[in-house]
Amino acid sequence: METIQNYLDSMFAALPDTEEVRRAKEEILQMMEDKYNELKSTGSTENEAIGIVIKEFGNLEELKEELESGIKTADGRPAVRIRPLALDL
């Protein structure tokens with residue numbers, strides 16, 4: 001899973017080190033790890049699982065834009081929507 005962590009680190013490298021960015025990164029990492037473990041438990045190899053996880057979560061550009069712009073909800077929380085892509089495999 002080091003590959004997933006490295007991928008996520010590179011996607012977040014240009015973003016400021018703020019609480020909302022750290023929280024979003026942790027949430028995405030948890031979702032990616034959950035998907036990875038699910039794929040491994042159903043017979044995917046490590047490389048297959050990593051490839052699928054990275055493909056499903058895309059390049060995260062939309063999330064980065066939202067974090068950079070500081071869009072907030074009515075209650076002051078960041079308006080970050082994390083939507084993994086659904087793939088028919």
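Quick note: numbers below take in every heavy atom, side chains included, and nothing from hydrogens, waters or symmetry partners.
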Inset, instruction - Could you tell me whether the side chain of L29 reaches within less than 4.5 Å of the side chain of Q5, counting heavy atoms only? - result: yes
Legend entry - Separation of Q30 CD from E26 CD (nearest 0.5 Å): 8.0 Å
Legend entry - N37-E33 side chain donor-acceptor pair, cut-off 3.5 Å: no
Legend entry - Approximate separation, where rounding is to 0.5 Å, of I4 CD1 and D9 CG: 12.0 Å
Legend entry - Pairwise side-chain contact, I28 with F12, heavy-atom cut-off 4.5 Å (strictly under): yes
Legend entry - Student check: side-chain heavy atoms of K25 and L15 closer than 4.5 Å: no
Inset, instruction - Inspect the contact between E56 and K35 and indicate whether a charged nitrogen and a carboxylate oxygen are less than 4.0 angstrom apart. - result: yes
Inset, instruction - Would you give the length of the straight line joining atom CE of M11 to atom CG of N6, rounded to the nearest 0.5 angstrom? - result: 13.5 Å
Inset, instruction - For E19, enumerate each residue passing the salt bridge (charged side-chain N to carboxylate O under 4.0 Å, His left out) test, keeping only those at least two apart in sequence or located in another chain. - result: R22
Legend entry - With I50, the side-chain contact (heavy atoms from CB on, under 4.5 Å) member among I54, I52, V53: I54
Inset, instruction - Give the minimum heavy-atom separation between E48 and G43, together with the two atoms involved. - result: OE1-O, 4.4 Å
